[in-house]
Amino acid sequence: MKMRIDVISAVPDSLVSPLNTSIIKRAQERKKVEIYVHNLRDYAHDKHKQIDDKPFGGGSGMLLKPEPFFECIDKLLTERKYDHVIFPSPGGKFYDQKIANKFSLAKNILIIAGHYKGIDDRVRQKYATDEISIGRYILTGGEIAAIVIIDSVVRLLPGVLNDSESALNDSLMDGDVIEAPYFTRPAQYSGISIPEVLLSGNEKKIKEWKEEQSKILTDKWKKINKLE
Ligand code: ADE
């Protein structure tokens with residue numbers, strides 16, 4: 001089953017390069033996902049194609065107007081149903097692997113990216129099913145959050161990663177687990193040697209070492225992030 005992702009943005013150019021590079025590009029070429037970027041300005045009909053306006057009640061900065069969003073979303077909704085209408089926002093639920101796994105099971109996803117001060121709140125009220133924050137910081141817009149969500153979801157789709165194992169073994173895939181570090185040649189570089197066990201050829205020992213390292217790194221990660 002091919003997933004479809006639609007993104008609405010006032011700055012669609014910012015999405016082009018990340019969506020057409022590396023694994024996300026390959027996923028589209030392999031027909032595992034179709035990604036469509038919609039330019040909000042195409043849905044502005046006044047003379048100046050204006051998509052922003054001053055906020056009621058004052059305050060600095062401009063807001064994205066509701067009408068172009070409503071028109072674009074209503075058009076998309078006449079064409080298909082969306083399992084998730086995602087609204088990236090600092091006020092949303094913190095994004096994590098569990099949510100990425102859930103989104104990866106969807107057939108159709110729509111992401112509404114805001115820019116400038118934000119979007120007239122009626123867009124969120126009317127359409128958003130999932131309000132998502134990618135962290136406790138403020139971005140200039142939802143586009144980068146949209147890329148984070150798309151990247152983390154698309155890599156989970158069957159047939160996207162070459163080694164079908166690697167997504168399953170990943171850090172955080174089966175809960176909150178950080179993997180052991182990896183090394184490649186040369187075995188000694190810049191005065192730093194790789195752990196000797198990795199050169200031993202002893203698979204059992206290597207497996208034990210990886211598990212031990214993973215536990216150490218996971219404990220450290222929980223501590224520095226004040227988890228549990
Ligand atoms: N838009 C601005 N900041 C954001 C954040 N931290 N997460 C998601 N969307 C955002």
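Atoms within a ligand are numbered from 1 in the order they appear, just like the ligands themselves. Worth saying up front: this structure is predicted, and the values here are computed from it rather than measured.
- Between the side chains of Tyr82 and Thr129, no donor-acceptor pair is found at a separation under 3.5 Å.
- Applying the 6.0 Å contact sphere to CZ of Arg26 captures more than 12 heavy atoms from other residues, nucleotides or ligands.
- For residues 190-199, the side chain to side chain donor-acceptor pair (under 3.5 Å) pairs, not counting sequence neighbours, are Gln188-Ser193.
- A donor-acceptor distance shorter than 3.5 angstrom exists from the side chain of Arg41 to the backbone of Lys49, with no hydrogens or angles considered.
- A donor-acceptor pair shorter than 3.5 Å can be found between the side chains of Glu131 and Ser89.
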Hey, what polar pairs (N/O, under 3.5 Å) does ligand 1 make with protein?
from     : atom 1 : to     : atom 2 : distance (Å)
ligand 1 : 3 (N)  : Leu139 : N      : 3.0
ligand 1 : 6 (N)  : Gly135 : O      : 3.1
ligand 1 : 6 (N)  : Tyr137 : O      : 2.8
ligand 1 : 7 (N)  : Ile134 : N      : 3.0
ligand 1 : 9 (N)  : Ser89  : N      : 3.1

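- Counting heavy atoms from C-beta outward, Asp53 and Asp120 have side chains that stay 4.5 Å or more apart.
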